[in-house]
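The figures that follow rest on heavy atoms only: side chains count, while hydrogens, waters and symmetry mates do not. We number each residue from 1, following the sequence as shown.
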Amino acid sequence: MLTSSLPSLLLLLSLSSTLSDDGGGLFCSAPSVFETETAASSSSKPLYWKVTNPTLSPSHLQDLPGFTRSVYKGDHALITPESHVFSPLPGWTNTLGAYLITPAMGSHFVMYLAKMQENSKSGLPPNDVERFLFVVQGSATLTNASGAHHQLMVDSYAYLAPNSKHSLECDASATLVVFERRYSPLENHFTKQIVGSTDQQPLLETPGEVFELRKLLPPSLPYDFNIHIMDFQPGEFLNVKEVHYNQHGLLLLEGQGIYRLGDSWYPVQSGDAIWMAPFVPQWYAALGKTRSRYLLYKDVNRNPL
C-alpha cells in the first residue's frame, strides 16, 4: 500500500518534478499517462469520463495479481475502481450495482454506483429512505408520481423524498452515484423533490479556504444531509485539518491528489471513493495539472444525540 509521511512524500514529488523537468538526473522514462492525457484536448473527452474509465482500471492490472489500492480501516475506507464488485442491483431492472459504502462499515447511509443498461429501470428504496442521484455518464429519465418527466444528463442530480413514488429509466446506458439514508424527521418540516445540475448552483463563500464550493441541496432544516461539489486547482489544499462529528462519503470526479485519513496519506484519483467516520482527521491537497473535483456527502441539521 502506497502510504507515507507527508514530508517524505512531498520531497519525492519535488525531486521527481525537478529532475524530470531539466532532462537529466535520476529519472528517465516515457511520458506518464497523466502527461499524455493532459496533452490531448480536454474537450475531446466527456465530463467525468475518468470515473468510468479510471487510469488504474482492471485491464491495467492484469500483470499485478492481488494488487489493489483499496483500504478498509475502522474509521475510514478508500474504495478504488479495480476492486469494485458489480452484481444485479436489487429491485432495479437491467442494472448492475457496486456498493461502496454501507452500514456494515459503520456508516448511517449507503453509497453505490448504478450502471444502467439498455431498457433499464430503477426500483424504489425501502420505506422512509430518502435518495439522491447524480449522473456521471450517459442520461436517464426521471418520472415522479404526478407523471412529470426530467431528463438527467451528466452533472445532473435529483433528490427524492422518503416514500415518494418515482422511477428512473434508461434506453441506452448511464452510470449514477446514489446515496440513500433513513430519513431523520423533524416535526412540521418536510423535504420535497429537487432536480438540478451543478452549473446551476452558485459558488459559496469559503472563509479561510481557496477551494470553490457548491451545495446541491438547500441548507434548510428539513434536509438531514447535503451534497457538496468542491473544486481545487493544482497545488491548492484544505487549510483546515478537519476533525468533526459528521460522516462523509466522497467520489473523486476529476483530477488527482493526496488525501490524509487518520495517520495515513493516500494518492487518489478520479473514480476513487472514500468513507470518513466521525472524528477521523482528514485533509486533501490537489496535485497534477488539471482541476480536482469531488462530490461529498455530509450529514447536517440534526443533533448528534
Exercise. Let me see the working for S156 and S197 under side chain to side chain donor-acceptor pair (under 3.5 Å), right down to the final yes or no.
Key: CA-CA 4 Å; S156 298; S197 64; 5.2 Å; no
Quiz item: If you measure only the distance, is there a donor-acceptor pair under 3.5 Å linking the side chains of T141 and E169?
Solution: no
Practice problem: Drop me the distance from L152's CG to S139's OG, to the nearest 0.5 angstrom. | Solution: 8.5 Å
Exercise. Please examine the side chains of I258 and P267, heavy atoms only from C-beta on, and report whether any two atoms are closer than 4.5 Å.
Key: yes
Exercise. State, with a plain yes or no, whether a side-chain heavy atom of W275 is found less than 4.5 Å away from one of I79.
Key: no
Self-check item: Smallest separation among heavy atoms of L124 and R131, with atom names
Solution: C-NH2, 3.8 Å
Self-check item: Straight-line distance of L160 CG to T191 OG1, nearest 0.5 Å
Solution: 9.5 Å
Practice problem: Verify whether the ring centers belonging to F109 and Y297 lie closer than 6.0 Å. | Solution: yes
Practice problem: Given ring pair (Phe, Tyr, Trp, His ring centres under 6.0 Å), test H76 with Y266 step by step and report yes or no. | Solution: CA-CA 12 Å; H76 69 269; Y266 300 102; 5.5 Å; yes
Quiz item: When clusters are formed by joining ILVMFWY residues with side-chain heavy atoms under 4.5 Å apart, either directly or through shared neighbours, do M276 and L238 land in the same one?
Solution: yes
Quiz item: Honestly curious: do Y48 and L100 fall in one hydrophobic cluster under the side-chain, below-4.5 Å linking rule?
Solution: yes
Quiz item: Roughly how far apart are M230 CE and T206 OG1, rounded to 0.5 Å?
Solution: 8.5 Å
Quiz item: Looking at R214 and D199, does any basic side-chain N land under 4.0 Å from a carboxylate oxygen?
Solution: no
Practice problem: Establish whether V280 and W283 are linked, either directly or via other cluster members, by ILVMFWY side-chain heavy-atom contacts under 4.5 Å. | Solution: yes
Quiz item: Given the rule in the side chain to side chain contact (heavy atoms under 4.5 Å, CB included) test, do R302 and F225 qualify, once you have shown the distances and angles that lead to the verdict?
Solution: CA-CA 9 Å; R302 297 297 184 270; F225 74 91; over 6 Å; no
Practice problem: Answer yes if L251 and V71 sit in the same cluster of Ile, Leu, Val, Met, Phe, Trp and Tyr residues linked by side chain heavy atoms under 4.5 Å apart, and no otherwise. | Solution: no
Quiz prompt | Validation row: S173, Q137 side chains within 4.5 angstrom (heavy atoms) | solution = yes
Quiz prompt | Pair Y284 + F232: ring centers closer than 6.0 Å | solution = yes
Quiz item: Parallel, tilted or perpendicular: which describes the rings of H84 and F86, with under 30° parallel and over 60° perpendicular?
Solution: perpendicular
Quiz item: Taking everything shown except N239 itself, do over 12 heavy atoms lie less than 6.0 Å from its CG?
Solution: yes
Quiz item: Which distance, rounded to the nearest 0.5 Å, do you find between the CD1 of I274 and the CD1 of I101?
Solution: 9.0 Å
Exercise. Could you grab the distance from atom OG of S107 to atom CZ of R181, nearest 0.5 Å is fine?
Key: 10.0 Å
Quiz item: Are any non-hydrogen side-chain atoms of L216 and I194 less than 4.5 angstrom apart?
Solution: no
Quiz item: Is any side-chain heavy atom of D224 less than 4.5 Å from a side-chain heavy atom of E130?
Solution: yes
Self-check item: Ring-ring centroid check Y294 H248, cutoff 6.0 Å
Solution: no
Quiz item: Under a 4.5 Å cut-off applied to non-hydrogen side-chain atoms, are H150 and Q193 in contact?
Solution: yes
Quiz item: Does the side chain to side chain contact (heavy atoms under 4.5 Å, CB included) test come out yes or no for M153 and V135, once each step is laid out?
Solution: CA-CA 6 Å; M153 313 293 288; V135 182; over 6 Å; no
Exercise. Would you give the length of the straight line joining atom CG of L287 to atom CZ of F237, rounded to the nearest 0.5 angstrom?
Key: 11.5 Å
Practice problem: Check whether any side-chain heavy atom of Y157 sits under 4.5 Å from a side-chain heavy atom of Q201, and report yes or no. | Solution: yes
Quiz item: If you measure from the Lys or Arg side-chain nitrogens to the Asp or Glu carboxylate oxygens, is any gap between D272 and R69 under 4.0 Å?
Solution: yes
Quiz item: Given the rule that I, L, V, M, F, W and Y join up when any side-chain heavy atoms are under 4.5 Å apart, are L113 and L253 in one cluster?
Solution: yes
Exercise. Just say parallel, tilted or perpendicular for the rings of Y159 and Y223, cut-offs at 30° and 60°.
Key: perpendicular
Quiz item: Is there a side chain to side chain contact (heavy atoms under 4.5 Å, CB included) between L295 and M111 once you walk through the steps?
Solution: CA-CA 12 Å; L295 175 152; M111 172 183 172; 5.6 Å; no
Quiz item: Taking side chain as C-beta onward, heavy atoms only, is E118 less than 4.5 Å from N94?
Solution: no
Practice problem: Mind running side chain to side chain contact (heavy atoms under 4.5 Å, CB included) on L47 and E254 for me, showing each step along the way? | Solution: CA-CA 9 Å; L47 192 64; E254 295 180 321; 3.2 Å; yes
